[in-house]
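Notes follow the structure.
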Amino acid sequence: MTHPNGRLTRRFYRRDPVTLAKALLGQVMVRTLGDGLRLAGRIVEVEAYLGTPDQAAHTYNGRRTARNESMYADGGHAYVYFTYGMHHCVNVVAQTRGVGTAVLVRALEPVEGIDAMRRHRAGKITADRLKETDLCSGPAKLTQALAIDRALDGVDLVTADALHIERGGRVAPGHIVTAKRIGVAYAGRWADEPLRFYVKGNPHVSRR
DNA sequence: ATGACGATTTACT
DNA sequence: GTAAATCGTCATA
C-alpha cells in the first residue's frame, strides 16, 4: 500500500474531493527547491471544491479556460492559481481527468525548512520576528512560504520532485472539524456547504 | 478594448 | 473592524 519513496499514490488521489480532503489532513506537502533544499509542512486545513455543480468552484458549470485547465487533470496533479493580483493558492486535483474537482490546501504545520519559510514570508516584519504560526496559516501564506507559483501549475504530485506529498500520520475522524468554506460568499447556497476540514485545536489553522 | 472581479493578506483606524 | 493593495483573467462589446 505504501509507496516505496513514501509518496501518496495515484490511487490515493483518485477519490471524490470530500474523501480526499479529509484523507489529506496529516499528510506532508514537500517543496524541493532548485538547490535541493526541502520545505515541508503537515496539512492541517483543506477545502473541497465539487466541480460543475459547485458555484464556488472555478470549474462551476463546466467553465474551462487556460487558467483552470489543470483542475481537469487526472487526480494527483497540482492546480495553482493566481488571485487578488498578488496571491497564489495550491489545490490537489481529485478524481480523474476531465472531472474538475479539487482540494484547496489552506494551512500547513511547518516541519522542514522553517528558516527558509521565514525568509520567504518576511516583509515589514523581519524573518526573525515572525511567529511560526504566521508562516503557513492560510492558502496564500503557505504558497509564499514554500515558493509555490504558477510555474508549478499542472505538475504531477505522484512523480514531480519540485512539489509532492508524502505519507504522514492519518488524522482520526474524531479530530477533524467540519465547517463552511471561507471567502466564497458569492456562491449562493454553496457558500454554506460544510466543505472545509481542519485539525481540531491545531494552532496553524487559518483564523476566523 | 474595456471593466469588474476575485477560493487573500496586511496594515491601519 | 475596515480598507487598501494589485493585476491576470474572462465576459461583454
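A, B, ... follow the sequence lines: proteins, then strands. Residue 1 opens every chain.
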Quick one: pull up CD in A:E112 and CE in A:M117 and give me the separation to the nearest 0.5 Å.
-> 8.0 Å
Is there a path of hydrophobic side-chain contacts, each under 4.5 Å between heavy atoms of I, L, V, M, F, W or Y residues, that connects A:L39 with A:I165?
-> yes
Can you tell me if A:D153 and A:S70 form a side-chain donor-acceptor pair at under 3.5 Å?
-> yes
What is the distance, rounded to the nearest whole Å, between atom NE2 of A:H58 and atom P of C:dA11?
-> 13 Å
Send over the distance from A:W190 CH2 to B:dG6 P, rounded to a whole Å.
-> 18 Å
Determine, for A:F12 and A:R15, whether the Lys NZ or Arg CZ falls below 6.0 Å from the six-membered ring centre while staying within 45 degrees of the axis.
-> yes
Anything below 3.5 Å on both distances counts as a pair; with that, list the stems of at least three consecutive Watson-Crick or G-U pairs involving DNA chain B.
-> B:1-6 with C:7-12, B:8-12 with C:1-5
Taking the side chain as every heavy atom from C-beta outward, state whether A:V199 and A:E45 have any atom pair closer than 4.5 Å.
-> no
For the pair made of CG in A:L142 and C1' in B:dT9, what is the distance, rounded to whole Å?
-> 13 Å
Non-hydrogen side-chain atoms of A:E132 and A:I114 separated by less than 4.5 Å = yes
Name the nucleic acid region contacted by A:A56, choosing base, sugar-phosphate or nothing; use a 4.0 angstrom heavy-atom cut-off, strictly under.
-> base
Donor-acceptor pair between A:R121 and A:Q144 side chains, under 3.5 angstrom = yes
Closest approach of A:H77 to A:D74 (non-hydrogen atoms, all atoms of both residues) | ND1-O, 2.9 Å
Distance in angstrom units between A:E47 CD and B:dG6 P, rounded = 15 Å
Answer yes or no: are there more than 12 heavy-atom neighbours, outside A:R97 itself, under 6.0 Å from its atom CZ?
-> no
Between protein and nucleic acid, restricted to nucleotides 10-13 of chain B and to nitrogen or oxygen atoms under 3.5 Å apart, what atom pairs and distances do you find?
residue : atom : partner : partner atom : Å
B:dT10  : OP1  : A:R121  : NH1          : 2.8
B:dT10  : OP1  : A:R121  : NH2          : 2.8

Give one of base, sugar-phosphate or nothing for A:R64, where a contact means two heavy atoms less than 4.0 Å apart.
-> nothing
What's the OH-C1' distance between A:Y198 and B:dA7, to the nearest Å?
-> 18 Å
With side chains defined as the heavy atoms from C-beta onward, is the minimum distance between A:R10 and A:D156 less than 4.5 Å?
-> yes
What nucleic acid atoms does A:R181 come within less than 4.0 Å of, heavy atoms only: base, sugar-phosphate, or nothing?
-> nothing
Enumerate the residues from residues 102-109 of chain A whose closest heavy atom to DNA chain B is under 4.0 Å, giving them by residue number; use none for an empty result.
-> A:L104, A:R106
Return the set of residues passing ring-ring contact (aromatic ring centres under 6.0 Å, His included) with A:F197 (not counting sequence neighbours), or none when no residue passes.
-> none
Using atom types as modelled, flag every donor-acceptor pair under 3.5 Å from a side chain in residues 82-91 of chain A to any protein atom, sequence neighbours excluded.
residue : atom : partner : partner atom : Å
A:N91   : ND2  : A:Y79   : O            : 3.3

Using a 4.5 Å cut-off on heavy atoms from C-beta on, say whether the side chain of A:H58 contacts that of A:Y49.
-> no
Which residues, if any, of residues 73-88 of chain A bring a heavy atom under 4.0 Å of DNA chain C?
-> A:F82, A:Y84, A:G85, A:M86
Minimum-distance pair of heavy atoms, taken over all atoms of A:M71 and A:V93 = O-CG1, 3.7 Å
How long is the line joining CZ of A:R196 and P of B:dT8, in whole Å?
-> 11 Å
